[in-house]
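Comments concern the structure below.
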Amino acid sequence: MSPALLILLSLLEGPRHGYAIAADIEAFAGKRLGPGTLYGAIGRLVDAGFVIELPEVERRKPFQITELGQRHVQVETRSMAAIVRTAKARRVERPVADQT
Amino acid sequence: MNRIVIRFAPKTWRDRYEAEVLEMLSQSPHPLLDRFDLLMTILAMRVDERMKNMWVSRRMIGSFGFVLALTGLAAMWFAAGHLTTGWAELPFHWWSAPTVIPVIFGLGVVGLAATRRGSTSTIATHKGEKAT
């Protein structure tokens with residue numbers, strides 16, 4: 001899953017600053033994002049209009065997901081759900097033992 | 001050290017996130033890994049920046065790398081055919097060892113062209129999409 005989507009998923013819970021986003025992603029996805037990957041993706045999301053920067057709080061900039069960002073998450077997760085459904089269906093039709 | 005690494009980042013990005021990235025790096029449990037991660041991101045951003053002003057696309061650069069790697073492989077195969085013990089002897093002759101260079105360079109170019117780290121293409125895909 002792309003770092004951008006993980007960040008958007010994290011921001012669905014409400015505005016967060018970079019450190020909190022990284023901690024949340026590590027908790028729900030078990031994936032650790034380095035500062036380069038994290039802020040690189042945040043920069044692209046801001047440029048694309050999926051995320052906005054809020055005024056600084058204690059020298060940290062919180063980020064908030066926009067309506068466009070929410071729509072993007074909807075589209076992406078719907079497509080993922082379809083892939084998971086297909087994977088499950090194919091596995092049911094062809095048990096692992098028969099695949100050899 | 002962290003300040004030196006971040007100096008290579010594009011100015012607009014640095015102005016926005018430098019303080020926070022430096023803070024995260026200073027608290028990182030894996031500073032070396034994170035520094036490498038930052039370097040790769042900066043490299044991808046720089047490549048992306050350059051590519052915006054170039055007429056060649058990412059796909060074209062990837063194809064060039066692929067052809068280069070294939071040419072190198074062909075040269076390696078040709079060289080190995082002229083050696084008594086074949087592929088194992090390849091690195092030990094001045095005329096056969098350099099055949100590895102286009103393969104490594106070509107694969108590097110393919111990897112760089114394929115990286116999604118700095119790409120905005122996946123984000124842009126759904127930008128105009130409407131919710132159903």
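Hydrogens, waters and symmetry mates play no part in the numbers below; they use all other heavy atoms, side chains included. Keep in mind that this is a model prediction, so the values were computed, not measured.
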Distance from A:Arg32 atom CZ to B:Leu33 atom CG, nearest 0.5 Å?
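It is 6.5 Å, given to the nearest 0.5 Å.
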
Answer with yes or no whether the hydrophobic clustering places [X] together with [Y]; edges join I, L, V, M, F, W, Y residues whose side-chain heavy atoms lie under 4.5 Å apart.
X: A:Ile52; Y: A:Tyr39; result: no
X: B:Phe66; Y: B:Ile61; result: no
X: B:Val67; Y: B:Val100; result: no
X: B:Val103; Y: B:Val109; result: no
X: A:Leu38; Y: A:Leu54; result: no

Where along residues 68-86 of chain B does a heavy atom come under 4.5 Å of chain A, listed by residue number?
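Near chain A, by residue number: none.
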
If you check every heavy atom in residues 15-25 of chain B against those of chain A, which residues fall under 4.5 Å?
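Listed by number, the contacting residues are B:Arg16, B:Tyr17, B:Glu20, B:Val21, B:Glu23, B:Met24, B:Leu25.
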
A:Met1, CE: over 12 other non-hydrogen atoms inside 6.0 angstrom:
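12 or below, so no.
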
Over 12 foreign heavy atoms within 6.0 Å of CD, A:Gln64:
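Counting neighbours around CD of A:Gln64, more than 12 heavy atoms of other residues, nucleotides or ligands fall under 6.0 Å, so yes.
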
Sub-3.5 Å donor-acceptor pair from the side chain of B:Asp34 to the main-chain atoms of A:Pro35, do we have one?
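Pair absent, no side-chain N/O of B:Asp34 close to backbone of A:Pro35.
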
A:Glu67 versus chain B, heavy atoms under 4.5 Å apart: side chain, backbone, both or neither?
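Answer is neither: A:Glu67 stays 4.5 Å or more from chain B.
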
So which part of A:Leu5 gets closer than 4.5 Å to some heavy atom of chain B, the side chain, the backbone, both or neither?
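Looking at A:Leu5, nothing touches chain B.
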
Closest contact, heavy atoms only, B:Thr41 versus A:Thr37
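So the two residues come closest at OG1-N, 3.4 Å.
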
